[in-house]
Amino acid sequence: MEKDWVKIYYTNQLFRAEIIKGMLEENGINVVLINRQDSSYLVALPGMVELFVHNSQEADARQLLAQNPEGLA
């Protein structure tokens with residue numbers, strides 16, 4: 001990952017990360033999703049799915065996460 005990108009969210013549930021990513025993108029935030037899960041070890045050793053935004057959009061992204069009514073963040 002290039003410098004100036006900040007991890008703003010992580011989970012072991014891919015669907016949650018995809019929902020958050022979509023919400024951020026709908027609000028003009030550029031998001032990178034990195035899936036560190038390995039399907040062969042998902043039950044015993046679940047990896048994380050991480051969302052990164054450029055540091056210039058971090059404040060807006062965190063504000064949107066805080067306003068999330070679904071409680072996904």
Side-chain angles (χ1 to χ4, degrees):
M1 174 81 41
E2 293 182 25
K3 65 178 184 172
D4 299 330
W5 287 80
V6 180
K7 180 170 44 175
I8 60 157
Y9 184 78
Y10 65 94
T11 181
N12 63 354
Q13 297 176 327
L14 178 60
F15 78 94
R16 287 185 181 269
E18 291 285 358
I19 291 170
I20 297 294
K21 180 179 185 263
M23 182 264 300
L24 292 171
E25 288 177 337
E26 286 177 6
N27 286 280
I29 307 290
N30 294 320
V31 184
V32 174
L33 183 148
I34 297 181
N35 186 346
R36 299 188 189 276
Q37 295 180 327
D38 185 340
S39 61
S40 61
Y41 298 106
L42 191 55
V43 176
L45 300 169
M48 291 297 193
V49 180
E50 303 169 339
L51 296 179
F52 290 83
V53 298
H54 192 268
N55 63 6
S56 65
Q57 295 182 308
E58 180 183 6
D60 293 335
R62 291 197 185 278
Q63 183 177 12
L64 287 167
L65 287 174
Q67 295 171 353
N68 181 7
E70 313 303 275
L72 290 173

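Residue numbers run from 1 in the order of the sequence given. Below, all heavy atoms of this structure are taken into account, side chains as well, without hydrogens, waters or symmetry copies.
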>> Just verifying a value: how many Å separate H54 NE2 and D60 CG, rounded to the nearest 0.5 Å?
In response: 13.0 Å
> Could you give the distance from CG (L51) to CG (N35), rounded to the nearest 0.5 Å?
Replying inline: 10.5 Å
>> Can you tell me how far apart CZ (R16) and OG1 (T11) are? Round to the nearest 0.5 Å.
In response: 6.5 Å
> If every non-hydrogen atom of V6 is compared with every non-hydrogen atom of R62, which pair is closest and at what distance?
Replying inline: CG1-NH2, 3.9 Å
> Considering all heavy atoms of both residues, which atom of W5 and which atom of V53 are nearest to each other, and what is their separation?
Replying inline: CE3-C, 3.2 Å
>> Within the structure provided, determine whether E18 and L33 are in side-chain contact (heavy-atom separation under 4.5 Å).
In response: yes
> Quick one: does Q57's side chain get under 4.5 Å of N30's, heavy atoms only?
Replying inline: yes
> Between Y9 and K7, is there a cation-pi geometry (under 6.0 Å to ring centre, at most 45° from the normal)?
Replying inline: no
>> Quick check for you: to the nearest 0.5 Å, what is the distance between M48 atom CE and L14 atom CG?
In response: 13.0 Å
>> So M23 and L64, do their side chains get closer than 4.5 Å, heavy atoms only?
In response: yes
> From N27 CG over to Q67 CD, what is the distance, rounded to the nearest 0.5 angstrom?
Replying inline: 8.5 Å
> Would you say F52 and I34 make side-chain contact, with heavy atoms under 4.5 Å?
Replying inline: yes
>> side-chain contact (heavy atoms from CB on, under 4.5 Å) for L65 and I20? Distances and angles first, verdict last.
In response: CA-CA 8 Å; L65 287 174; I20 297 294; 3.4 Å; yes
>> To check you understand the geometry: which heavy-atom pair defines the closest contact between I8 and A61, and what is its length?
In response: CD1-CB, 3.7 Å
